[in-house]
Amino acid sequence: MTERIVLAYSGGLDTSVAIGWIGEATGAEVIAVAVDVGQGGESLETIRQRALGCGAVEAYVADASDEFANEYCMPALKANALYQGHYPLVSAISRPVIVKHLVKAAREFGATTVAHGCTGKGNDQVRFEVGIQTLGPDLKCIAPVRDLALTRDKAIAFAEEKGLPIETTKKNPYSIDQNVWGRAVETGYLEDIWNAPTKDIYDYTATPEFPPAPDEVIISFEAGIPVAIDGVKVTPLQAIKELNRRAGAQGVGRIDVVEDRLVGIKSREIYEAPGAMALITAHKHLEDITVEREQARFKATVGQRWSELVYDGQWFSPLKRSLDAFIEDTQRYVTGDIRMTLHGGQAIVNGRRSGTSLYDFDLATYDTGDTFDQSMARGFIELWGMSAKVASGRDIRVAGK
Ligand code: ARG
């Protein structure tokens, strides 16, 4: 029987050419798999037909948009996940769900190998292959761009020579990856890190310099998950989409960073994640009133470690799973409403309410009715500073000798 290879297919030039390229290089049959993670753009049926037109023996399309929102975006939200304090892990969280569907398709179609279109310089190759090793340890991996010398120029020449049903003239200087959690743009003019991004780079966000009138939104959460917007019930996918639209119109969620890739390269990235950034901001503010101080402090370090693991392609690792259990436990009381104004590139929280809040008005107030006994503070401070005071006494004594 002819060997079969499942290819992660985007519908773009590189992966379209990869279908025939892999076939010629290996003699295997190629099954194209496209996964919908809310990237928008062309219909999946159009993409499926193109794969068949480019020589795939089968083309399989998975609608994973709700699965992606529920099982990948929501854990990132609960973790307030921002790699290096900036990047909401847009591409990093999409790879594991794509891997799941690739492995499923490999089983269904009897494939021995999984192929992806990543280069040898990025994080995504690591995320794909570590994921595949974990979920399908018997499967092999190949990357035509990296392993079979499929360069951009060769791809264009191949498409023209074979008359593939794909546009080869439209030259986009950027490498773009997008899904419902956000959009990542890199390469080209952006590689000079002094160059400011030009307006044409953005798609999910309008320019914040000319915002429409401020947009006030109320986001309701239950155990860390957005469940309603302005009182209207929503699924996680609907919440993200609605906020992509409303926060995007106000230019919220534009990010310009130089980040540390796993492979040791620093790289310039432009992200737009209006829905994700609005949700993370709201969620964090709700945690501020519902999560106990020590739990909250510790959770911040857990969230950071979680982000690094996910960035580094360890979605299916035991440590990531253990951190998920901790994060999940912290979300028990993260229920309530956040009122937020979207305007001029910012999402600013200006009100919060929760039936499970730890905010105690009677303790906090400086007005009459205060229930806090201020006389307790003196003794507390005396003991709190004792250890450092004893040590500094020793320092003075030793230095004096
Ligand atoms: N640097 C980001 C990451 O590693 C985004 C990568 C997006 N890929 C792309 N082809 N633009 O998660």
Side-chain angles (χ1 to χ4, degrees), residues 7-18 34-35 37-41 68 72-73 75-77 79 81-99 115-131 143-146 150-152 155 171-191 193 197-198 200-205 253-274 276-277 280 304-317 320:
L7 168 70
Y9 183 63
S10 70
L13 173 69
D14 292 332
T15 53
S16 294
V17 167
V35 183
V37 283
Q39 61 269 50
F68 178 59
Y72 298 81
C73 302
L77 176 60
L82 293 173
Y83 177 67
Q84 292 186 319
H86 298 294
Y87 166 42
L89 298 175
V90 171
S91 304
I93 58 171
S94 77
R95 302 315 176 200
V97 68
I98 295 171
V99 163
H116 60 77
C118 305
T119 70
K121 289 176 84 167
N123 301 308
D124 287 328
Q125 54 172 343
V126 182
R127 298 172 185 146
F128 274 118
E129 294 180 30
V130 169
V145 173
R146 182 192 66 193
L150 176 58
T151 60
R152 192 99 191 152
K171 191 159 164 34
N172 189 335
Y174 306 112
S175 167
I176 297 169
D177 182 49
Q178 65 188 52
N179 59 56
V180 75
W181 200 236
R183 187 164 172 271
V185 186
E186 58 185 28
T187 72
Y189 164 86
L190 298 169
E191 284 171 357
I193 61 176
T198 47
D200 61 305
I201 282 176
Y202 298 105
D203 183 38
Y204 284 16
T205 52
R254 289 188 172 184
I255 301 155
D256 177 343
V257 284
V258 174
E259 74 188 27
D260 282 305
R261 284 190 191 164
L262 176 59
V263 295
I265 301 170
K266 285 191 188 287
S267 85
R268 166 80 168 293
E269 300 280 350
I270 305 296
Y271 299 109
E272 326 177 69
M277 294 309 285
I280 291 172
Q304 194 184 333
R305 190 74 189 91
W306 190 97
S307 304
E308 289 163 359
L309 285 169
V310 171
Y311 185 87
D312 290 348
Q314 297 289 328
W315 181 272
F316 299 107
S317 71
K320 147 77 172 48

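Just so you know, ligand 1 is whichever comes first in the structure, and atom 1 is the first atom listed for that ligand.
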Looking only at N/O atoms, are [X] and ligand 1 under 3.5 Å apart anywhere?
X: Glu259; answer: yes
X: Arg95; answer: no
X: Ser91; answer: no

Can you report which non-hydrogen protein atom sits closest to atom 10 (N) of ligand 1, along with the distance?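 Nearest protein contact, heavy atoms only, for atom 10 (N) of ligand 1 is Ser175 OG, 2.9 Å.
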For atom 12 (O) of ligand 1, the protein heavy atom that lies nearest, with its residue and separation: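 Here the closest protein heavy atom is Tyr87 OH, 2.6 Å.
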Fit a plane to each ring of Trp306 and Trp315, take the angle between them on a 0 to 90° scale, and name the class: parallel (under 30°), tilted (30 to 60°) or perpendicular (over 60°).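 Aromatic pair Trp306/Trp315 classed perpendicular.
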What is the ring orientation for Tyr72 with Phe68, classed by angle as parallel under 30°, tilted 30 to 60°, or perpendicular over 60°?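 Geometry flag for Phe68 against Tyr72: parallel rings.
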Heavy atoms only: give me the nearest Arg183-Val90 pair and the separation to one decimal.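 Shortest heavy-atom separation between Arg183 and Val90 comes out as N-CG1, 3.8 Å.
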Electrostatic pair Lys121-Glu186, nearest N-O below 4.0 angstrom: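 Not counted as a salt bridge, because no side-chain N and carboxylate O are separated by less than 4.0 Å.
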Quick one: do Asp177 and Arg95 make a salt bridge, cutoff under 4.0 Å?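 Here Asp177 pairs with Arg95 in a salt bridge, since their nearest N and O are under 4.0 Å apart.
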Sub-4.0 Å heavy-atom contact, [X] with ligand 1:
X: Arg127; answer: yes
X: Tyr83; answer: no
X: Tyr271; answer: yes

Please determine whether side-chain contact (heavy atoms from CB on, under 4.5 Å) holds for the pair Asn123 and Glu259, giving the CA-CA distance in whole Å, both sets of side-chain angles, and the decisive distance to 0.1 Å. CA-CA 11 Å; Asn123 301 308; Glu259 74 188 27; 4.2 Å; yes
Could you tell me if Arg127 sits above the aromatic ring of Tyr311, with its cationic atom closer than 6.0 Å to the ring centre and no more than 45 degrees from the axis?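 Yes; both conditions hold, so Arg127 lies above the ring face of Tyr311.
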At less than 4.0 angstrom from any non-hydrogen atom of Asp124, what atoms of ligand 1 do you find?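 Heavy-atom distances to Asp124 below 4.0 Å select 6 (C), 7 (C), 8 (N).
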Near Asn123, which atoms of ligand 1 are under 4.0 Å from a heavy atom of that residue?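 Answer, ordered by atom number: 3 (C), 4 (O).
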Hydrogens and angles aside, do Ser10 and Thr15 bring a side-chain donor and acceptor to less than 3.5 Å of each other?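 Present: a donor and an acceptor within the cut-off.
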Mode of Leu89 contact toward ligand 1 - side chain, backbone, both, neither (heavy atoms, under 4.0 Å):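 Neither; nothing of Leu89 gets under 4.0 Å from ligand 1.
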